[in-house]
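Proteins come first, then strands; the chains are lettered A, B, ... in the order of their sequence lines, and each starts at number 1.
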Amino acid sequence: MEKKERKGAVLFSAYKRGDGIKKVLAKSREDVLLDIRESKLKGRGGAGFPTATKWMMVAAANSETKYIICNADEGEPGTFKDRVLLLEYPELVFDGMVIAAYIIGAKNGIVYLRGEYEYLKKSLEDYLESMRKDNLLGQNILSKKGFDFDITIRMGSGAYVCGEETALIESLEGSRGEARNRPPFPVTTGYMGHPTTVNNVETLASIPHIVSKGGEWFKKNGTDKSTGSKLFSVSGDCRKPGVYELPWGTKISDLLKIVEAEDSKAVQVGGASGFCIPKSQFNRTLAYEDAATGGSIIIFNESRNMLHILKNFMEFFVEESCGQCTPCRIGNVKLLEGIRMIEKGEYTFNYMNQLKDLGRTMQVASKCGLGQSSPNSFISILENFKDEIFNGNGGNNGK
Amino acid sequence: MESKDNLRVPGSQKPLTIEKPSDLNTIGGTVSVEINEKKITVPLGTTILEACKMSGISIPTLCNHEDLCVAGVCRICVVEVEGMRTLQASCAFPITAPMKIRTSTPMVRKARRNIIDLMLSEHYGECYSCFRNGKCELQALAKEYGVDSYTYGHVSKPKYEIDKSSYSVIRDMSKCVLCKRCVRTCIDLQEVGVLEAVDRGDKTHISTFLNKPLNDVICINCGQCINRCPTAALRANDPSDEIWAAIDDPKKHVIIQTAPSPRAAIGEEFGLGAGHSMTRELNTALKRIGFDKVFDTNFTADLTIIEEGTELILRLYKALVKKEDAALPQFTSCSPGWVKFIEHYYPDYLDNLSSAKSPQQMFGALIKTFYAQKAGIDPSDVVSVALMPCSAKKFECNRPEMHASGFKDVDYGLTTREMAKMIREAGINLPEMPKSDFDDPFGEASGAGLIFGATGGVMEAAIRSVVEFVLGKKTEDIFEKANIIPLRGFDGVKYMEIPIGNEVGEVPDIIKHLVPDWNWLKGATLKIAVAHGTANAKKIMDNIKAGGKFSECHFIEFMACPGGCIGGGGQPIPTTPEIRKLRAKAIYAEDESLELRKSHENPNVVKIYNEFLTDGPCGHQSHKLLHTHYTKRGRYIA
Amino acid sequence: MLVLEKNAMTEEIELLVHKYGKLRSSLLPILQDIQRKHNSIPDFAQQEVARLLDIHPVEVFSVISFYSFLNTEPKGKNIVRLCQTITCDMAGKTGVAKALERELGIKFGETTKDNKFTLEYVNCLGMCDQGPALLVNERVYPKVTPERAVQIIGEVK
C-alpha cells in the first residue's frame, strides 16, 4: 500500500509538520494537558493506560531531568504499523514527542528503535536534522524561550521483551532487557532514575492531531471507552494486507470485509500475545472494552492448522522470554511441550487442563506483560478449537 | 546524571527503597494495611513481605535474601492485592498507600504450587543423593506445599556439566533454579563480578565470562555465593573423603588446626541457635573421630600479630626515620579471598600487602617443621588439615608458594559444613561432647587470636599489642577492659585514629635489635581502617588510588567476607546479618572470658621465638617459614 | 590476538567510549558499533569495554548473550536472517528456508566454509503484510520466493 492510498479519519488526516507544536506553544502546559485528557486518548501499545494521566504524573514529578521515550520496539508478531508511521509519517511521531516534552518538561527524548528496523535509522536521523534546521528541535524551540529539547535514536538489538517499558529502560541503561519490579513506575523512577514517560509510536502520532483539532474532534470516532481510531496491522489470509486506520468499535467481520478476507476461520487479535477469536465471535468489536489490541490482526482461513499456529506462537515465547522469572521462563516451555504431546497424540485431557491452569498462573504471577500474556493464545486456541485440535487433523485422540 | 554507583545493580534487581521515616508520628509516616482481614499499621515503604512477617504470617520466599537487593524473580512470594489484576511479589512491593492484601487465596495457592512444580521440573537430581538433603530451600518448599509428584515432569539428564575446576567452589548448574542470589552476591555484595545470567528465555543460565571454568576467571574463592545458594547448585570442594582415608591410614599422623569462627558456628549444624561456641566440645569430637592432634589456629594468629606488627613497625621506621620508600598503608593478608582480590584488581598494590602468611599457612609450615622435629615424626607422614570458615582457604593451601616446609604445608582446608558432616558421619552429637583442651606444644592461645574471626578483630588484636609495645602502658589503661569498641560492629568501613602522644615506652626485647627506641613516634597519630566484604575493600582501594583519606592510613585490615570470617563462605547455611551478629558476639564473649588476651603475652609464642625462630620476628627463619609473596594476576582473562 | 591487533582494538574502543560516554548506558551503542564493524564482539573487546566502562567482563558477556543481534563467536560476512514468525510461516517460509539451505550448503545456525554467509532464523521482522521476509545484513527483502532468495544470495555474493 502506498502512502497516498492511506485513508483515515484521525491519524491519516492532513497534518503539516510543526503545526501542533506551534499550537501548544501558544498555550499553557495545563491547557494542552486538558485537551489531551478531553480526548480520552489511551496508550496504543496495547495496555491502554490513559496518556494524559501518565503525562500528568511525569509533569508533576519533582525533578530537573525528565525523559520522553518513544517505544519503537514494535516486535509483536503481526504488527508493523509503527514501521509505516516512522517511514511515512515521521512528522506526527516527532511532533508528538516535542509536544510531550513541552508538557512534561523534558529536555531529552529517545526513540528506542528495534534492531530489525536499522534500515529506517538513517532517514529518521536525516529527518531529525531537518527539524533542527527549522528550530523544531534544539534550543528555544520556535523561539519559545527556555524550551530546549532534542531527540536521539537508540537501537535495540533483537529482543522482543524490550517492548515492555521497564525492560526497554533496562536496555537503554546497558543491561539485559529484563523487566523491573513495579512500583516504582517509570513516571517517577525511569531512565537513569529520572521521571520518564514511555509512549508507543502511534500514541505519540495521535498527539499533534489532538492538539491541533481538539479533544472533541478526536472523540468523534470510536466508542465511549475507546475514543478515536486505531491503526490495525492486518496480515495473514486476506487479499489486502496492510495498515488500516479504522475507528475503535469496528466489528471484526467488517474489518474482514475491508481487507477482503474470505473463508476465515479465526482471527488472532493482538498478535502472539493476544487472543484467537473464532468465526462464531466475529461480531465482536475491536475496542479496549471488548477485543483489545495493540493493532495486530492475523487472519487464518479454513485451510490453516490451529495447532501449528499455536506451536509457532509458543516457540516464539520460549525464545523471547527474558528468562528471569520462573512462570514465564519454564511455563512457556511446558506449554510448548504440551503442544508437541498433542502433535504426537501422547497427551491426556487431564494434563491439558493442568497446562491451562498453569497458563492462568502465568497470567497472574509472571513479572511482566510478556509472561502474563504469553498463555493467552494457548488458552484461547485450545478452548476455541477443541474439536479441531483433539479430534481433527491437529492430533490423535487423547489417551 | 546519577552517580555511577547507583547503576551497578541492574534496575530489574533494584527495589524501590523508600527511606523509612525516623519519626513514625509524622503525618504520612505510617500506613495502614489489611492483611487477611487483619488491620496493621506499618512504616511507609515497608514491603508486603515485611508487613506479613510483622503480623505473623509466613510467606514462602526463595530469591529473597536479607543480605541482597530484591530481585522479585522466583515469584514464589506472590500475594493478592485488592484492585490489582495480577498477583504481586511481596518481597518487591513497598507499601505506600493503604491496601488490602490476601496471602492465601485459591489463586495464590495455585500459583505458588505451580511455580514450585515448574522449578522441580527443571531441577536435576534426586533429594536423597544430594548433599543439601534436608537443608535445601527448594526441598523445604516442596514439603511445605505437599508436592507428592512431578506435575510437569522431571529432567532425566543433567543439562550442564559440573564445573569442578576450582579448588574452592563447585558449580552444578543443572540444580540451579535461577534465583540469581549468587549473581547478586558476586556483583553487588562482593563486587567481584564473576557470575551473571547468560543467554535468554529457556536457555538462560548462570555462567561466567565466555562460559569458562571457574578456575579460569577472576573468582576470589570467597564462597559467599555458596552460602546464599538455596539448592546444591553451588558447593565447596569437599576433601573429607581424602581426610577419612588419611585417618584410616595408621601410618599417617593426621593433625587438625581449628579456627575460631567455625567453632562459633558449628553448633548451628547440630540444631543449636547461632552464637554458641563449641571450641572445647569440638576438641573431644575431633579426637574421637581419629585426628591425632588438635591445635588452635589462634596460636598462629598470635604469631601473625607479632610478625605483621613487626613488619608494620619496620615499614614505619623505614619511612619516617630512614626516609626511604616503604609501601604504606600496610594491608593485612590473612584473608585469602582478599589476597586474590587485590592480586586481580589492584596488582600495583601488592607491596602494601603484609608478607606475613595467614595463620592457617603459618601453622602449616610450623607443623611440618617445628612440630614434626619436636615430636620425632617424618613430616612426609604428617597430614595437615585446617578447619576454616572459608572456601578460599582451600585455594590458599594449594598455592605453589605454600611449600615452606618442603612439603605442602597444609594438605586440606575443610569448611565448617564439611566438618559437621564428618562429625555426624562418625555418629557424634557435638553439643553432647565433654570439653577438652588443645594439644601441646601449642596449647593455649590468646583472645587476640580468637577475635580474628570478626571484622575488625585482627586490627584490635594488633592494637592491643602495638599500644603496649610502644607506649609501655597496659591496653586496659587506654581502652576499657582492652575492648577496642570503635573497631567492632558491622559498618562496611571503619576508621580510627590513635594519637601516640609524647610519652613512649621501652622497645621490647623481642624487636630491640630492629628499632632502638620509640622517640621517632612521639606526637604521631596512628591511622587505621577496617573493611569487610570486597565491595567495601574496593571502596577503600579506590579511595587510596585517588589519594584520599585512606591513603594516609598506616594499617588497614581487609576481610573478603561480610562480617569477617564468622560470615565466611564455608560457614553453616544460612548466614544472615542476624546470625553474623550472634557469632561475633560469641567470639567476643569468649575473648573476654580469657585471662590471656594479648598475642605478645602468649607464652607459647614467646617460647617459639626462643626455641625455633631464634632470629626473632621478621628474621631469617621466620621469613623462610612464615612469610610469603604474591602474584600480580591482573584482570584479563585469557 | 596479536599485540598489534589488540592495541588497535583498544584504540577503537577508547574512541567509542569517548563518543558515547563512560556510563553503562553506553554499553549497547558501543557493542553495536563493534558488532557492525567486526561481525562479532571478540573476547578481548569485551574485556576492554568492561574495563573502560568499569563493569565486569561477565556483565558485558551476559548482555551480548541476551540480544539476538549481538554475538561473541565470529559469524559470516553476511548474515542472512529469515523470519520464522507466523505470517511469514504461512506465506511460505519453509520453501524459502529449503532453497537457502540448498543454495548455501548449510543448515540454519551455520556459517559457510568461506565465511561469507551465516544463515539464521529471526523472529518477526515487522513485514507481516509482505511475507516471507528476509533480512540480509541491514536490508529487508519482502515477498521472497525460493527463486528470489537464491537470486538475493547471488546479488550479495
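- Between atom CG of residue B:L118 and atom CG of residue A:L358 there is a gap of 5.0 Å, rounded to the nearest 0.5 Å.
- Between chain A and the options B:N114, B:T204, B:T151, the largest number of non-hydrogen pairs under 4.5 Å is found for B:N114.
- Chain B forms the most heavy-atom pairs under 4.5 Å with one residue out of A:V333, A:T166, A:L355, A:V318, and that residue is A:V318.
- In this structure, no portion of B:V79 lies under 4.5 Å from any heavy atom of chain A.
- Interface remark: B:V177 contributes backbone atoms only to the contact with chain A (heavy atom separation under 4.5 Å).
- Between B:E122 and A:R329, no side-chain nitrogen of the basic residue sits less than 4.0 Å from a carboxylate oxygen of the acidic one, so the salt-bridge criterion is not met.
- Proximity to chain B is absent for every atom of A:F317, based on heavy atoms less than 4.5 angstrom apart.
- Note that OH of B:Y152 and CD of A:Q354 are 4.0 Å apart. Values are rounded to the nearest 0.5 Å.
- The part of B:Q88 that comes within reach of chain A is its side chain, from C-beta onward, which places non-hydrogen atoms under 4.5 angstrom from that chain.
- Rounded to the nearest 0.5 angstrom, B:D202 CG and A:N332 CG are separated by 9.0 Å.
- The minimum heavy-atom distance between B:A71 and A:K367, with the atom names listed, is O-NZ, 2.9 Å.
- Nearest heavy atom pair, residue A:N181 against residue B:G72, reads OD1-CA, 3.8 Å.
- The side-chain heavy atoms of B:C74 and A:C325, taken from C-beta on, include no pair separated by under 4.5 Å.
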- request: Could you give me the CA-CA distance, side-chain angles and deciding distance for B:M107 and A:R360, then say whether side chain to side chain contact (heavy atoms under 4.5 Å, CB included) is met?
  value: CA-CA 9 Å; B:M107 200 203 266; A:R360 283 184 283 270; over 6 Å; no

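- A distance of 4.0 Å separates NZ of B:K110 from CG of A:D357, quoted to the nearest 0.5 Å.
- Taking chain B as the reference chain and counting heavy-atom pairs below 4.5 Å, the highest number among A:S366, A:G177, A:C328 is found for A:S366.
- Contacts of B:A197 with chain A are made by both backbone and side-chain atoms, with heavy-atom separations under 4.5 Å.
- Only the backbone of A:R182 comes within contact range of chain B, judged by heavy atoms closer than 4.5 Å.
- The pair A:E178-B:R200 fails the salt-bridge criterion, with no side-chain N (NZ, NE, NH1 or NH2) lying under 4.0 Å from an Asp/Glu carboxylate O.
- Heavy atoms closer than 4.5 Å to chain B are found nowhere in A:E64, neither backbone nor side chain.
- Both the backbone and the side chain of A:A159 have a heavy atom closer than 4.5 Å to some heavy atom of chain B.
- For the atom pair NZ of B:K203 and OG of A:S321, the computed distance is 11.0 Å after rounding to the nearest 0.5 Å.
- Note that the CG atom of B:D117 and the OG1 atom of A:T326 stand 12.0 Å from one another [nearest 0.5 Å].
- No other option in B:A111, B:G153, B:C179 has as many heavy-atom pairs under 4.5 Å with chain A as B:A111.
- In terms of modelled atom types and a separation under 3.5 Å, the side chain of B:R75 and the main chain of A:A365 share a donor-acceptor contact.
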